[in-house]
Amino acid sequence: MTTTTDSLNNRTAPSNLAPEEFRVIGHSLVDSIADFLRGLPAAPTATSLLPDSLRSVLGQRAMPEDGTDIAPVIQEFSEKFFQHSTHNGSPRFFGYITSSAAPVGMLADLLAAAVNPNCGAWALSPIATEIENETIRWLSKFMGLSGEWDGVLVSGGNMANMVGFSAARTAKAGWNLRENGLTADDAKRLVVYTSKETHTWVNKAADLGGLGTSAVRWIPTDDQLRMRMDLLEKSIAADLAAGLAPFMVIGTAGTVGTGAIDPLPAIAKICKKYDLWFHVDGAYGAPAVALDDATDDLKGLRLADSIAIDPHKWLYSPLEAGCILTRHPSALRDAFGFKPHYYQFDDNEGQEVKNYFEYGPQNSRGFRALKIWLAFQQAGASGYRTMIGDDIALAHRLYETIDDYETLERGTVSLSITTFRYVPLDLRASAADPAVLEYINGLNERIVTAVRLSGEAFVSNAFIGERFMLRACIVNFRTALNDVETLPCLVTRIGDELDAKNRPSKLRPSNARE
């Protein structure tokens, strides 16, 4: 390949699109997306294809040596993408805490990508940085947090919680952890406390943070699946007596399994008593604190040192959008800030700016804040309160409706998560028998898969004690009452079919075995 001065002066780059060509392709794609959104309520909730079949649909391509007209490629892929995805935007998607993405967020991501700011430093993203600052202030105000809270937007709940974990570790270690590490002469073994229902991010944080997973004290829960305060304080006292260094308690505002809320005010008192960092995993449930009827336990998150919240869960932002907030403005910089000589981002004529690379593990950062900022302006705080309240009301209506079906058994309801299971009527009296329990658990596991493959709805599972439960989570502004009311009918029909097909003879009624 020969490069000449003329070719460099009149450069044609294969990755470029002329503005008019971009306009045509972009308009066509927006039309396709609008058609997809129009048809979403009636579309299957998930593809019925298994992995090998899906790979056949996609086909295998050699890496292209030469480029091609991209318009038909985008058109062909978009059709397959819409058809064969799991549609968490469907009003009958109840599977996970992945919300229906607000359309304004889709536009925000396109707009952000057009300028492509690197939100690691103010000089690289001046207006984007200021929008992120404002977004963090709005999130704090929405949840009623008093004082000077600060934070940073990250990819999601795992990362938000792990950033909070690192800030707590640095703040409460009792020695210069960043410089001397966990093996310093004056170091002690750090330990952390959380409920057995807390998400597995805690294991990741303990592992990546060098503590090891054995440093996590998984505190048992009560009959409402909330952390037991007596056992928490007993565990802290035992570790102190053993010469260990408790540094953090993690309370959960909406567990991933059942939406349980730990007794957060009581945790705050224990943390104050023992001078421990109080972190709340509110990735799912924190936005519900904005409701007028929020429980006292949920309001206790306002007492925390740090809170993780996921706008891409219950604020309906497209992925990715997580946030860590802390009442200690310097805590994140203390844990993550470095100023190497090759970062010259502070020459702003003495005016204070924020460089977000000092607030978390990322240096290069996308403009996540825009979709949250625009969505707040579209819906307003009152709009969010209405949508979140509706989701909760629908989950409670589902819980009530389950009682109308003699083969369904209610489990729990908290925030917008309802759990229940299918129990054949003739097995209900013996459901605690180990052999019967094993069969019912397996039957409900099959129901989860069959519901997903039907395309009519999407549920996941939770365990309550030894019972495998169907789990329906509603974080979707498209979901309506009729969507909720069809779910028990669907589960009952599929459960009847699977029970008739799969029940072992030893569990069938005697007249059915004759």
Minimum heavy-atom distance [X]-[Y], with the two atoms named:
X: Lys354; Y: Thr129; answer: O-CG2, 3.5 Å
X: Ala288; Y: Ala294; answer: O-CB, 3.7 Å
X: Ala253; Y: Leu298; answer: CB-CD1, 3.7 Å
X: Asn476; Y: Pro91; answer: ND2-CA, 3.9 Å
X: Leu225; Y: Glu197; answer: O-CG, 3.8 Å
X: Asp297; Y: Pro263; answer: OD1-CA, 3.6 Å

Is it the case that the side chain of [X] and the backbone of [Y] share a donor-acceptor pair, with hydrogens and angles ignored and the cut-off at 3.5 Å?
X: Lys371; Y: Pro318; value: yes
X: Asp305; Y: His279; value: no
X: Ser416; Y: Cys473; value: no
X: Thr170; Y: Ser166; value: yes
X: Asn161; Y: Trp201; value: no
X: Asn16; Y: Ala13; value: no
X: Ser32; Y: Ser28; value: yes
X: Ser306; Y: Leu325; value: no
X: His199; Y: Thr252; value: no
X: Asn176; Y: Glu179; value: yes

Once rounded to the nearest 0.5 Å, what's the spacing between atom [atom1] of [X] and atom [atom2] of [Y]?
X: Ile474; Y: Ile392; atom1: CD1; atom2: CD1; result: 10.5 Å
X: Ile324; Y: Trp149; atom1: CD1; atom2: CH2; result: 8.5 Å
X: Arg137; Y: Asp150; atom1: CZ; atom2: CG; result: 9.5 Å
X: Ile270; Y: Glu233; atom1: CD1; atom2: CD; result: 5.0 Å
X: Asp275; Y: Lys272; atom1: CG; atom2: NZ; result: 11.0 Å
X: Ile250; Y: Met227; atom1: CD1; atom2: CE; result: 8.0 Å

Going by atom types alone, do [X] and [Y] pair a side-chain donor with an acceptor below 3.5 Å?
X: Gln75; Y: Glu79; answer: yes
X: Ser460; Y: Arg471; answer: yes
X: Glu130; Y: Trp122; answer: yes
X: His312; Y: Ser317; answer: no
X: Asp185; Y: Trp175; answer: no
X: Arg189; Y: Ser214; answer: yes

Taking the side chain as C-beta and beyond, is there a heavy-atom pair between [X] and [Y] under 4.5 Å?
X: Leu37; Y: Met106; value: yes
X: Ser235; Y: Tyr193; value: yes
X: Tyr284; Y: Val475; value: yes
X: Val216; Y: Trp218; value: yes
X: Cys323; Y: Val152; value: no
X: Ile236; Y: Leu276; value: yes
X: Ser90; Y: Thr45; value: yes
X: Ile261; Y: Leu415; value: yes

Do [X] and [Y] have ring centres separated by under 6.0 Å?
X: Tyr359; Y: Phe336; answer: no
X: Phe36; Y: Phe81; answer: no
X: Trp277; Y: Phe247; answer: no

Any chance [atom1] of [X] has more than 12 other-residue heavy atoms, nucleotides or ligands included, within less than 6.0 Å?
X: Lys188; atom1: NZ; result: no
X: Lys204; atom1: NZ; result: no
X: Leu54; atom1: CG; result: yes

Subject >> Verdict with reasoning, Ile25 to Glu21, per side-chain contact (heavy atoms from CB on, under 4.5 Å) >> reply: CA-CA 6 Å; Ile25 295 173; Glu21 187 179 8; 4.1 Å; yes

Original post:
What's the verdict on side-chain contact (heavy atoms from CB on, under 4.5 Å) for Ile372 and Trp138, showing C-alpha distance, side-chain angles and the deciding distance?
Top reply: CA-CA 10 Å; Ile372 308 168; Trp138 288 0; over 6 Å; no

Subject >> Cation-pi, Tyr356 ring and Arg365 (6.0 angstrom, 45 degrees) >> reply: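 Yes, cation above the ring, under 6.0 Å and within 45°.
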
Original post:
Do Arg178 and Phe338 meet the cation-pi criteria used here (NZ or CZ under 6.0 Å from the six-membered ring centre, within 45° of the axis)?
Top reply: yes

Original post:
Does the side-chain contact (heavy atoms from CB on, under 4.5 Å) test come out yes or no for Thr98 and Lys313, once each step is laid out?
Top reply: CA-CA 5 Å; Thr98 304; Lys313 287 187 169 68; over 6 Å; no

Original post:
Would Asp391 and Tyr316 count as a side-chain hydrogen bond (donor to acceptor under 3.5 Å, both in side chains) if you check the C-alpha gap in whole Å, the side-chain angles of each, and the deciding distance to 0.1 Å?
Top reply: CA-CA 12 Å; Asp391 288 343; Tyr316 316 109; 2.7 Å; yes

Original post:
Should Glu132 and Arg368 count as an ion pair when the cut-off is N to O under 4.0 Å?
Top reply: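 Arg368 and Glu132: not salt-bridged.
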
Original post:
Does Asp35 pair with Arg38 as a salt bridge, N-O distance under 4.0 Å?
Top reply: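 Yes, this pair counts.
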
**OP:** Walk me through it: do Ile219 and Lys196 pass the test side-chain contact (heavy atoms from CB on, under 4.5 Å)?
**Re:** CA-CA 6 Å; Ile219 307 301; Lys196 284 189 173 181; over 6 Å; no

Original post:
Can you say whether the rings of Phe458 and Phe93 are parallel (under 30°), tilted (30 to 60°) or perpendicular (over 60°)?
Top reply: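 The arrangement is tilted - the two ring planes meet at 30° to 60°.
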
